[in-house]
Amino acid sequence: MSDGVWLHAVARDLEPGAVDGLVGVAGGAVRTLAAGALAAAVCPVDLAEFGEEALRRNLEDLAWLDRAARAHHAVVAALAREHAVVPARLATVYHDDAGVLEMLRQRREELEAVLDRVGGRAEWGVKMYAEPPASPAGEPSGPSAGRPGTAYLERRRARLAADDVWRLRAAEGAEATHLALAADAAAARRHPPQDRRLTGRAETMVLNGAYLIDRGRSGPFADLVAAQAARHAELSLELTGPWPPYSFTGTEPAPP
């Protein structure tokens, strides 16, 4: 077995006891590596499975990727409950402790600035969905009735017109909601909407927003989301969180 080091997150003033009981991606105990005020939460991994070539293969395996992502997030989320954290990018692996410590020293100012920005705050996600319009019902009447080709073209034009109106209203609702929520947040990001295969929903996602909210304002923010849902009743809103500030670190401790 060739041991490597998987990086979960970087925090400040992280006592070794803060990771007691936490289990890393490969089932090993999480530990800390400190350089000044900064500390990295890491776990041991076998480079036969987590080395560069092996990771390239494993990241194509959805079952493996799901297990690794869940284990990685569990550690980051546990730390984020009590500390400001900079989550590491998934599959950030170093060959040894020295590489992690060198990263902490070289990027100290950058990481300190990120921790200042996210301290006392959490990420909340808001997804908005729109139900596509139903196909126009009924058959055309008048001169075109009884002419299949003309009837088809009229139905097609009606459907395209309905789609245009639906897309416009959905886009306007998503933009208005995002602006309202962003005004209440310390920072806000719009991620690309997710495909239906990922959401598992029949509706189309029109907003995939992330909002950095002071921990003391979680309740008012949820109320604001509810108000937006009532204002845009034709759209469906989903609030998730609190999460570690994945969208707002501005940087992640990168692989060597």
Side-chain angles (χ1 to χ4, degrees), residues 9-12 69 72-73 76-90 107 109-133 162-196 198-254:
V10 173
R12 188 162 42 204
H72 179 71
H73 171 71
V76 175
L79 293 173
R81 283 194 287 269
E82 301 293 337
H83 302 83
V85 297
V86 181
R89 186 182 308 148
L90 186 68
R107 303 182 65 182
E109 291 185 4
E110 181 183 3
L111 292 168
E112 291 272 14
V114 173
L115 290 167
D116 286 341
R117 182 164 67 246
V118 302
R121 293 167 172 157
E123 177 173 331
W124 289 83
V126 176
K127 293 178 173 59
M128 176 178 273
Y129 300 89
E131 181 72 41
D163 283 348
D164 287 343
V165 172
W166 168 74
R167 289 193 180 92
L168 178 60
R169 289 179 177 172
E172 289 175 343
E175 179 68 11
T177 296
H178 175 69
L179 290 175
L181 299 181
D184 197 57
R189 298 280 166 79
R190 285 188 74 167
H191 298 300
Q194 294 174 326
D195 187 90
R196 289 189 182 93
L198 292 176
T199 66
R201 297 180 58 145
E203 308 102 311
T204 298
M205 183 183 290
V206 294
L207 174 64
N208 185 12
Y211 306 90
L212 188 64
I213 304 298
D214 291 349
R215 291 190 180 275
R217 289 197 50 76
S218 297
F221 183 72
D223 292 341
L224 181 58
V225 173
Q228 289 300 309
R231 182 169 298 171
H232 303 282
E234 74 282 7
L235 303 172
S236 174
L237 267 72
E238 178 182 74
L239 174 65
T240 63
W243 305 105
Y246 290 108
S247 301
F248 300 102
T249 59
T251 183
E252 304 90 8

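Here the structure is a predicted model, which is why all the values come from computation and not from measurement.
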Glu203 versus Ala130, closest heavy-atom pair with distance = CB-O, 3.4 Å
Can you check side chain to side chain contact (heavy atoms under 4.5 Å, CB included) on Asp214 and Phe221, steps first, answer last?
-> CA-CA 9 Å; Asp214 291 349; Phe221 183 72; over 6 Å; no
Rounded to the nearest 0.5 Å, what's the gap from CG on Leu235 to NZ on Lys127? Could you check?
-> 16.0 Å
In terms of heavy-atom contacts, Pro244 and Pro87 come closest through CB-CG, 4.3 Å
If you count the non-hydrogen atoms of other residues, nucleotides and ligands that lie under 6.0 Å from CD in Glu109, is the total more than 12?
-> no
If every non-hydrogen atom of Ala188 is compared with every non-hydrogen atom of Tyr211, which pair is closest and at what distance?
-> CB-CD2, 3.6 Å
Nearest-0.5 Å distance that lies between atom OG in Ser247 and atom CZ in Arg189 | 7.0 Å
Rounded distance [0.5 Å steps], CD in Glu234 versus CD in Glu131 | 12.0 Å
Under 3.5 Å: donor-acceptor pair, side chain of Ser218, backbone of Arg215 | yes
Student check: side-chain heavy atoms of Pro245 and Val85 closer than 4.5 Å = yes
Report the C-alpha separation of Tyr246 and Val76 in whole Å, then their side-chain angles, then the decisive distance to 0.1 Å, and conclude whether the side chain to side chain contact (heavy atoms under 4.5 Å, CB included) test is met.
-> CA-CA 10 Å; Tyr246 290 108; Val76 175; 3.7 Å; yes
Rounded to the nearest 0.5 angstrom, the CZ-OG1 distance for Arg117 and Thr249 is 7.0 Å
Check for a donor-acceptor pair, side chain of Gln228 on one end and backbone N or O of Leu181 on the other, with a separation under 3.5 Å.
-> no
Residue pair Pro193 / Met128, side-chain heavy-atom distance below 4.5 Å = no
Using the ring of Tyr129 (Phe, Tyr or Trp, six-membered ring only), decide whether Arg201 places NZ or CZ under 6.0 Å from its centre and within 45 degrees of its axis.
-> yes
Closest approach of Ala84 and Leu115, non-hydrogen atoms and distance?
-> O-CD2, 3.4 Å
Rounded to the nearest 0.5 Å, how far apart are NE2 of His73 and CG of Leu90?
-> 12.0 Å
Looking only at heavy atoms, what is the nearest atom pair of Ala9 and Leu79, with distance?
-> CB-CD1, 4.4 Å
Is a donor on one side and an acceptor on the other found under 3.5 Å between the side chain of His72 and the backbone of Ala88?
-> yes
Do you know which two heavy atoms are closest between Val126 and Val225, and how far apart they sit?
-> CG2-CG2, 4.0 Å
Before giving the answer on side chain to side chain contact (heavy atoms under 4.5 Å, CB included), spell out for Asp116 and Arg12 the whole-Å C-alpha distance, their side-chain angles and the decisive distance to 0.1 Å.
-> CA-CA 10 Å; Asp116 286 341; Arg12 188 162 42 204; 3.0 Å; yes
Give, for atom OG1 of Thr204 and atom CD of Gln194, the distance between the pair rounded to the nearest 0.5 Å.
-> 13.0 Å
Has Arg190 got more than 12 heavy atoms of other residues, nucleotides or ligands less than 6.0 Å from its CZ?
-> yes
